[in-house]
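Notes follow once the structure below has been shown.
In what follows, chains are A, B, ... by sequence order, proteins preceding strands, each numbered from 1. Hydrogens, waters and symmetry mates are skipped; everything else that's a heavy atom, side chains included, is used. Small disclaimer: the values here were computed from a predicted structure and weren't measured.
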Protein chains: 2
Amino acid sequence: MTCYYFAAEKMNKPHKDIDTSTEEKIKKAARIVFHRKGFAGARTRDIAEEAGINLALLNYYFRSKEKLFDIIMLESLKGFMQSMTSVFHNPDTTIFEKVDVMANRYIDLLKEEPEIPLFIMSEMRHHPEKLIAEMKPRQFLMGSAFEQQFKAAVKTGEIKNVKMIHFIMNLLGMLVFPFIATPMLRSMTEMNDESWNSVLEERKKLIPQWIKLMFENH
Amino acid sequence: MTCYYFAAEKMNKPHKDIDTSTEEKIKKAARIVFHRKGFAGARTRDIAEEAGINLALLNYYFRSKEKLFDIIMLESLKGFMQSMTSVFHNPDTTIFEKVDVMANRYIDLLKEEPEIPLFIMSEMRHHPEKLIAEMKPRQFLMGSAFEQQFKAAVKTGEIKNVKMIHFIMNLLGMLVFPFIATPMLRSMTEMNDESWNSVLEERKKLIPQWIKLMFENH
DNA sequence: GTCTATAACGTGATAGAC
DNA sequence: GTCTATCACGTTATAGAC
């Protein structure tokens, strides 16, 4: 525990080794393998190999496969829910501006890590008790700026009188489904990487337009 | 191989034991366990227990876990794709009638077996080589009545000039996503069984309306 | 901290009695 | 056809040298 360590922490600028430290290498490898194969399908040997280290080191740093998994899952969940929550709780944007931000931010996020939604949905199905508590989904909507705006807009007739959950289902469904059904959808139309990418880019603009058409009163 | 057996077959009315035969009991149990836990997470012991039989019998009837899985997966895939394919290849319905049939048929189907979509998507991610060939997704759209109708309708301006894949993504996304994200969605709004069910029923009518709003030119 | 070797355990599959 | 008992193997986890 040297002076340098503290200095780095205070400056909020961890010493450069942090990106290449063994611990970080293992976490990075674990993310890849767990996302691809799920908890049950992943082997600690795969993770060790992916990280370029020995199997024993994995247990040295994280004690068990499950503990390592919990860490990866928590981070993935945070990445997936966090931006969503912050958008929905922002009182300074309108409903449709929120949709616009969501579409752009999420499609970019999921282009980086396309396996995240299916990973989360799968694992949530397989161990619900563990994850439902973790992600606190109630806080996501209940009492949010979005909820208030939605109720108000229904009252004024600005948007149609439909349950809020339909709005969420449609928005998330259109946003996330392509990343869940990728192999099916891509092979249905034999898209190469380029056209798949351009379809995703188009959806950034189209989804907000579609949501307006579905829910706005005119 | 008795006379009765043939008689039953000819009458297309298999003798009553077929529902309760050991083989069928195992398949039924395997469906439940594989759908819930996936291939990697399911244990043959779980399946045997669920079926109320001994582990050895499972191998006696199906030789291996993988062979049993292949049978279950093929049937699930067939159930999931078959109705979709038949709707999309029917030349006697309009585009929007197809959507209507899809919404009603699929929501009913998935209310019966809600785990199917996530099961298929998960396993397709984990062993793509095996499943892509099986489901022949190209035949689903390419050369279908739907494809021809869609192209024609874009030409006449009846529907907007958008790529067909967006239509499919939105329809399937809105239809299937609620069954993929069930635990998240339900806990977000604390829905009980009754209100969850009524939301699904509402969507049978709403999804066709939304699709029209999104894609029809007016 | 990192490795090799090995223990401890869980799981798929089979042998063999009935 | 169905069972109990057991094998064979793969995987997680640990001991112990360096």
[X] (side chain) donor-acceptor with [Y] (main chain) under 3.5 angstrom:
X: K65(B); Y: L58(B); answer: no
X: E147(A); Y: G143(A); answer: yes
X: N104(B); Y: D100(B); answer: yes
X: N192(A); Y: S195(A); answer: yes
X: S187(B); Y: P183(B); answer: yes

| query | Between the two ends of the helix from dG1(C)-dC18(D) to dC18(C)-dG1(D), what is the bend in degrees, rounded to 10 degrees, where each end axis spans five pairs? | reply |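 Angle reported: 10°, given to the nearest ten degrees.
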| said: Under 3.5 Å, is there a donor on one side chain and an acceptor on the other for K111(A) and N197(A)? | reply: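 Yes - a donor-acceptor pair under 3.5 Å links their side chains.
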| dT6(D) P sits how many Å from L55(B) CG, rounded? | 15 Å
Ring centroids only, cut at 6.0 angstrom: are [X] and [Y] within range, meaning strictly under it?
X: Y106(B); Y: F179(B); value: no
X: F88(A); Y: F140(A); value: yes
X: F119(B); Y: F34(B); value: no
X: F177(B); Y: F177(A); value: no

| Regarding K98(B) and the six-membered ring of F146(B), is the cationic atom NZ or CZ under 6.0 Å from the ring centre and inside 45° of its axis? | no
| message | For a quick check of understanding: with a heavy-atom distance under 4.0 Å over all strands, which category does Y61(A) fall into, base, sugar-phosphate or nothing? | response | sugar-phosphate
| request: Looking at every strand, decide which applies to L58(A) at a 4.0 Å heavy-atom threshold: base, sugar-phosphate, or nothing. | output: nothing
| field | Contact residues, residues 26-44 of chain A to DNA chain C [heavy atom, < 4.0 Å] | value |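 Under 4.0 Å from DNA chain C: no residue of residues 26-44 of chain A.
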| message | Tell me which residues in residues 45-53 of chain B lie within less than 4.0 Å of DNA chain C, going by non-hydrogen atoms. | response | R45(B)
| field | Whether H127(A) and F69(A) hold their rings parallel, tilted or perpendicular, with breakpoints at 30° and 60° | value | perpendicular
| query | Side chains of Y60(B) and T22(B): closer than 4.5 Å at any heavy-atom pair? | reply | no
| note | Bounded by its outermost nucleotides with an atom under 4.0 Å from a heavy atom of chain A, the footprint on DNA chain C reads dG1(C) to dT4(C)
| said: Just to verify, what does Y61(B) make a ring-ring contact (aromatic ring centres under 6.0 Å, His included) with, not counting sequence neighbours? | reply: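 Expected list: none.
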| said: I need the minimum non-hydrogen distance between P178(B) and L200(B), along with the two atoms involved. | reply: CB-CD2, 4.5 Å
| Where along residues 62-76 of chain A does a heavy atom fall under 4.0 Å from DNA chain D? |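 Per residue number, the list reads R63(A), S64(A), K65(A).
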